[in-house]
Participant: 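Following this message is one structure expressed as structure tokens.
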Amino acid sequence: MTANIAQDPVHARKAAIAATIGCGLEFYDFMTFSYFAIQIGNCFFPSHDRYTSLMGSLATFGVGFLGRPVGAHVLGRLGDRIGRKPVMLLSMVLMGLAVTTMALTPSYATIGIAAPIIVVFARLVQGFALGGEVSSATVYLVEVAHPMRRATSASLQGVCQFASTSVGALVGLLLSSLLSPEQLTIWGWRVALLIGAAVVPYALVLRRMLPETAPSTASTKPLDKQDASARPSRGELRIALAGAGMITAGTMFTYVSNYTTTFGQNQLHLSSSAAMLAQLIGNVIAALAGVAGGMLSDRFGRRPLLILPHAALIIVILPLYSWLVAQPSIVSLTMVTGILAALRVLTGASIYAAISETIAPTRRVHWFALIYALPVTLFGGGTQLFITWLMHATGTAMSLAWYLVGSQVLGLCAALFVTESAPVRRRQPEFALA
């Protein structure tokens, strides 16, 4: 099935779009929470101290990441056993139920301690769902693509994340412009979440029509003719460690980037509308750069697109943040966000493609899920909480920049250990993925 789909560009494109829409919706539902961290904190964690209220909200945001490794393990194994499609459907249903529950939960002032408990549980379910969604959708995008366009197809996963967060930022911008601060805290953020929940049925219909790509229904051989039931190869272990390092770096960067709206308001003292507009423009730039990164990776190989952007980020982060802190404005915030995000997402498609191309198909979803979910859980859920504390403790916003530099040094070191897997750089470019 996989080979037939890959040889038919029209069907492959339709399948990729359907998978991407669902993935983007789940990220919208998961990430919109961070855009309204201040308002949600006031609703469920009321306090006379604004810092304490914000920290309670960010801690709840981080709780969602605790469910991701569990979802990665459970849903990842299911993805290899029963297929990619059923897991993508199940994760979508779970995400829809969780976000609806969160949006309809009364405030702390109405039902007391039960309110934050319900919200925390809903975040755990969201994390569980997303833990299986990312791996199954990304592997699907790679498997459904033509061998010479795998990274381009995989780039849609990153694009869907930025597109969904862009939509979230746009919704936040509109709501913050139309509503008073009190209205935004009481019910405005709920509207943003319910918009995502309302689209879930449509995404489910699209995913039900997807063809399956799992090895149980495919007739092609495993990558490089290796026995998928054998022990993991040295190459698989190598890409697992390197992939985890690069995804750790990407996770730390991504959740700092998604902190832009809060950073713009709290540290730079810009309006919520200005901060959300900067987030929106930065995400659009990053989405375009993500596709460019995938196309370049298919043309020149995985390693150049993994090594060079990491090195560039290490060089430019401190100068750009120095300028931003010295001259805070919507222009400087937008430019810094866009430049850094564009450089960072150039690597995404290469990471996803390299992992998928190296790991055997009958354990591909499970391994990808764990390689992705564990770093995201350890370094994603606590990133916004940590950098909020870090800037509060040091008294300078530049501590955030140093945090980013450290993350990209880690990413560069991991990238150097990746073995080239792109068909264009191999002696047999027609090798089968599955």
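Starting from 1, each residue takes its place in the sequence as its number. Computation of the quantities below employed the complete heavy-atom set of this structure, encompassing side-chain atoms and omitting hydrogens, waters and symmetry-equivalent molecules.
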Participant: Any ring-ring contact (aromatic ring centres under 6.0 Å, His included) pairs touching residues 328-348, not counting sequence neighbours?
Facilitator: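 For residues 328-348, and leaving out neighbouring residues, there are no ring-ring contact (aromatic ring centres under 6.0 Å, His included) pairs at all.
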Participant: Partners of Leu89 by side chain to side chain contact (heavy atoms under 4.5 Å, CB included), sequence neighbours excluded?
Facilitator: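 Per chain and number, Leu89 pairs via side chain to side chain contact (heavy atoms under 4.5 Å, CB included) with Lys85, Leu204, Arg207, Arg208.
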Participant: Which value, rounded to the nearest 0.5 Å, describes the distance between Gln157 atom CD and Thr138 atom OG1?
Facilitator: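 Gln157 CD to Thr138 OG1: 3.5 Å, rounded to 0.5 Å.
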Participant: Please round to the nearest 0.5 Å and tell me the distance separating atom CZ of Phe368 and atom CD1 of Ile247.
Facilitator: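 Reported value, rounded in 0.5 Å steps: 5.5 Å.
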Participant: Restricting to side-chain hydrogen bond (donor to acceptor under 3.5 Å, both in side chains), what partner residues turn up for Ser135, sequence neighbours left out?
Facilitator: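 Partners of Ser135 by the side-chain hydrogen bond (donor to acceptor under 3.5 Å, both in side chains) criterion come out as none, since no residue qualifies.
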Participant: Which residues pass the ring-ring contact (aromatic ring centres under 6.0 Å, His included) test with Trp402, not counting sequence neighbours?
Facilitator: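 If we apply the ring-ring contact (aromatic ring centres under 6.0 Å, His included) test to Trp402, skipping adjacent residues, there are no hits.
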Participant: Do you know which two heavy atoms are closest between Ala244 and Pro375, and how far apart they sit?
Facilitator: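 Taking Ala244 first and Pro375 second, the nearest heavy atoms are O-CG, 3.6 Å.
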Participant: Using side-chain hydrogen bond (donor to acceptor under 3.5 Å, both in side chains), reason through Thr254 and Thr251 one step at a time and then give a plain yes or no.
Facilitator: CA-CA 5 Å; Thr254 296; Thr251 296; over 6 Å; no
Participant: Which pairs count as ring-ring contact (aromatic ring centres under 6.0 Å, His included) when at least one residue sits in residues 309-337, sequence neighbours excluded?
Facilitator: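 Pairs touching residues 309-337 that pass the test: none.
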Participant: If you take all heavy atoms of Ser155 and Gly290, which pair is closest and at what distance?
Facilitator: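 Closest heavy-atom pair between Ser155 and Gly290: CB-O, 3.3 Å.
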Participant: Taking ring-ring contact (aromatic ring centres under 6.0 Å, His included) as the test, write out the residues that go with His366, two or more places apart.
Facilitator: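 In terms of ring-ring contact (aromatic ring centres under 6.0 Å, His included), with neighbours along the sequence ignored, His366 is linked to His73.
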Participant: Applying ring-ring contact (aromatic ring centres under 6.0 Å, His included), name anything that partners Phe386, two or more places apart in sequence or on another chain.
Facilitator: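 ring-ring contact (aromatic ring centres under 6.0 Å, His included) check on Phe386 returns Trp389, Tyr403.
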Participant: For Ser297, what residues pass the side-chain hydrogen bond (donor to acceptor under 3.5 Å, both in side chains) criterion, not counting sequence neighbours?
Facilitator: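 Here the qualifying residues are Arg302, Ser350.
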Participant: Step through the shown structure and confirm whether more than 12 heavy atoms of other residues, nucleotides or ligands are within 6.0 Å of CD on Glu182.
Facilitator: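 No, because the 6.0 Å sphere around CD of Glu182 holds 12 heavy atoms or fewer from other groups.
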Participant: Pair up each side-chain donor or acceptor in residues 91-106 with any protein partner under 3.5 Å, not counting sequence neighbours, and list the distances.
Facilitator:
unit_1	atom_1	unit_2	atom_2	d
Ser91	OG	Glu26	OE2	2.9
Ser91	OG	Val87	O	3.2
Ser91	OG	Met88	O	3.1
Ser91	OG	Glu133	OE1	2.8
Thr100	OG1	Gly96	O	2.8
Thr101	OG1	Leu97	O	2.9
Thr105	OG1	Thr101	O	2.6

Participant: Applying ring-ring contact (aromatic ring centres under 6.0 Å, His included), can you list everything that pairs with Phe44, at least two apart in sequence or on another chain?
Facilitator: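 Phe44 satisfies ring-ring contact (aromatic ring centres under 6.0 Å, His included) with Trp189 once adjacent residues are dropped.
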Participant: Quick one: side chain to side chain contact (heavy atoms under 4.5 Å, CB included) partners of Pro328, sequence neighbours excluded?
Facilitator: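 Only Leu268 meet the side chain to side chain contact (heavy atoms under 4.5 Å, CB included) criterion with Pro328.
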Participant: List in chain and number order the residues that pass side-chain hydrogen bond (donor to acceptor under 3.5 Å, both in side chains) with Ser329, two or more places apart in sequence or in another chain; answer none if no residue qualifies.
Facilitator: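 With sequence neighbours excluded, Ser329 shows a side-chain hydrogen bond (donor to acceptor under 3.5 Å, both in side chains) to Ser332, given in chain and number order.
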